[in-house]
Engineer: 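Just dropping this structure here.
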Amino acid sequence: MSLQDRTIVITGSGRGLGLAIAGRLGADGAHVWITDVREDWGRAAVNGLRENGITAQFCPVDVRSPESVDAMVEAVAATGPIYGLVNNAALADGVGGKAVHELPVEDWDRVLDVNLRGTFLVSRAVAPHLIDAGGGRIVTIGSDAALYGSARLCHYISSKGGVSALTRAMARDLGPHGITVNTVSPGLTESESAEMVPEHRHELYRRNRALTRSQEPADLVGAVAFLLGDEASYITGQELVVDGGFVFH
């Protein structure tokens, strides 16, 4: 496999979609680094992955903090060259409910700090290591919500639209160094985060997907693995929507 023995960092991977991605990459032979602000989740995730024969390590990180991000990246780099990064850390649980004219500034800042600023901080810290290694891959998890809009979620949608734009900007900056940068944008996925989503949004997806079944984490991980692999070496600056045909992009 093209990921055999390659070191890949996955942020926000203590549970849910990030953990599913780590499991797929590890099954493909990658050395996965679970990074999460919750140490209990992260250590439990590593234990579970190792029980399945996957090479996994944990390092705590708060993606809002440049110091925490730099410390995490240096800890990973100390074990060997970094090949790839999956920017998965995001605030999605319980963030909706207020229209733009009702949204407190502190709520806007809290979501943008993690989802957009955090993606920038981790990518900025990892990029020099990928350059030194002669190339690599960055994949960021976006959201189809940024493509169709959704009421009472303006901070979340803006953050995910921002990471798509950041992907294009980073692809330009890092392409000369042999680094590809892409976004994979899922729809409403059945994971821990989805438990906080109001039922009317679940129904919206059920009614309007071209594929009528629910989306599971397993539906997304193949796209992430593909963009990290050798077969995608000439794909960069792109957003791949994986949502069962809710949005055609």
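In what follows, residues are counted from 1 in the order of the sequence shown. Note: hydrogens, waters and symmetry copies are ignored here, and every other heavy atom, side chains too, is used.
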Engineer: Hydrophobic clustering (ILVMFWY, side-chain heavy atoms < 4.5 Å, transitive) - are V126 and V37 grouped together?
Structural biologist: no
Engineer: Using distance alone, with no hydrogens and no angle criterion, decide if D230 and S2 have a side-chain donor and acceptor under 3.5 Å apart.
Structural biologist: no
Engineer: Kindly compute the distance separating CG (L112) from OH (Y156), expressed to the nearest 0.5 Å.
Structural biologist: 12.5 Å
Engineer: Any side-chain heavy-atom pair from T180 and L227 closer than 4.5 angstrom?
Structural biologist: no
Engineer: Between CG of L166 and CZ of R117, what distance do you get to the nearest 0.5 Å?
Structural biologist: 13.0 Å
Engineer: Under 4.5 Å between side-chain heavy atoms, counting indirect links through other Ile/Leu/Val/Met/Phe/Trp/Tyr residues: same cluster for L19 and V221 or not?
Structural biologist: yes
Engineer: How close do L103 and C154 get, counting heavy atoms only, and between which atoms?
Structural biologist: CD2-SG, 3.7 Å
Engineer: Which residues pass the ring-ring contact (aromatic ring centres under 6.0 Å, His included) test with F246, not counting sequence neighbours?
Structural biologist: Y148, Y205
Engineer: Do H129 and E74 have a side chain donor and acceptor closer than 3.5 Å?
Structural biologist: yes
Engineer: Using a 4.5 Å cut-off on heavy atoms from C-beta on, say whether the side chain of R172 contacts that of V181.
Structural biologist: no
Engineer: Using the side chain to side chain contact (heavy atoms under 4.5 Å, CB included) rule, take H31 and D5 through it: C-alpha gap first, then chi angles, then the decisive distance, then the call.
Structural biologist: CA-CA 6 Å; H31 295 174; D5 297 327; 3.5 Å; yes
Engineer: Would you name the heavy atoms of D107 and H155 that are closest together and state the gap between them?
Structural biologist: O-CD2, 3.5 Å
Engineer: Check whether any side-chain N or O of T35 sits under 3.5 Å from a backbone N or O of C59 as a donor-acceptor pair, and report yes or no.
Structural biologist: no
Engineer: Less than 4.5 Å apart, any side-chain heavy atom of R124 and any of P66?
Structural biologist: yes
Engineer: When you check the gap from the basic side-chain N to the acidic O, do D40 and R38 get nearer than 4.0 Å?
Structural biologist: yes
Engineer: Do side-chain atoms of K160 reach the backbone of I141 as a donor and acceptor pair under 3.5 angstrom?
Structural biologist: yes
Engineer: Ignoring hydrogens and geometry, is there a side-chain-to-backbone donor-acceptor pair from N182 to I235 under 3.5 Å?
Structural biologist: yes
Engineer: To the nearest 0.5 angstrom, please state how far the CG atom of D144 sits from the CZ atom of R209.
Structural biologist: 8.5 Å
Engineer: Quick one: does any side-chain atom of D109 pair with a main-chain N or O of D113 as donor and acceptor, under 3.5 Å?
Structural biologist: no
Engineer: Say whether, by atom type as modelled, one donor and one acceptor occur between the side chain of R50 and the main chain of A56 under 3.5 angstrom.
Structural biologist: yes
Engineer: Could you measure the distance from the CG atom of L121 to the CE atom of M72? Nearest 0.5 Å is fine.
Structural biologist: 10.0 Å
Engineer: Is S68 reaching over with its side chain to a backbone N or O of D62, donor-acceptor style, under 3.5 angstrom?
Structural biologist: yes
Engineer: About how many Å separate CD1 of I138 and CG of L130, when rounded to the nearest 0.5 Å?
Structural biologist: 5.5 Å
Engineer: Between D36 and R43, is there a salt bridge with N-O shorter than 4.0 Å?
Structural biologist: no
Engineer: What are the two closest non-hydrogen atoms of S159 and N115, and how far apart are they?
Structural biologist: OG-ND2, 3.1 Å
Engineer: What pair of heavy atoms forms the shortest contact from A45 to S13, and how long is it?
Structural biologist: CB-O, 4.1 Å
Engineer: Donor-acceptor pairs under 3.5 Å, side chain of residues 79-91 to any protein atom, not counting sequence neighbours: which ones?
Structural biologist:
residue: T79; atom: OG1; partner: V76; partner atom: O; Å: 2.7
residue: Y83; atom: OH; partner: R6; partner atom: NH1; Å: 3.2
residue: Y83; atom: OH; partner: L228; partner atom: O; Å: 2.4
residue: N87; atom: ND2; partner: S123; partner atom: OG; Å: 3.0
residue: N87; atom: ND2; partner: T140; partner atom: OG1; Å: 3.1
residue: N88; atom: ND2; partner: T11; partner atom: O; Å: 3.3
residue: N88; atom: ND2; partner: G12; partner atom: O; Å: 2.8

Engineer: Which residues satisfy the salt bridge (Lys or Arg N to Asp or Glu O under 4.0 Å) test with E67, sequence neighbours excluded?
Structural biologist: none
Engineer: Less than 4.5 Å apart, side chain to side chain, heavy atoms only: is that true for W33 and T7?
Structural biologist: yes
Engineer: Where do A146 and G161 come nearest, in terms of heavy atoms and distance?
Structural biologist: CB-N, 3.5 Å
Engineer: When rounded to the nearest 0.5 angstrom, what distance separates CG in D243 from CG in L147?
Structural biologist: 8.5 Å
Engineer: Checking the side chain of E239 only, and the main-chain atoms of T183 only, is there a donor and an acceptor separated by less than 3.5 Å?
Structural biologist: no
Engineer: Check A223 against V184 and note the closest heavy-atom contact, atom names and distance.
Structural biologist: CB-CG1, 4.3 Å
Engineer: Any side-chain to backbone donor/acceptor pair from E39 onto F58? Under 3.5 Å, distance only.
Structural biologist: no
Engineer: Judged by atom type as modelled, is there a donor-acceptor pair below 3.5 Å linking the side chain of Q238 to the main-chain atoms of T236?
Structural biologist: yes
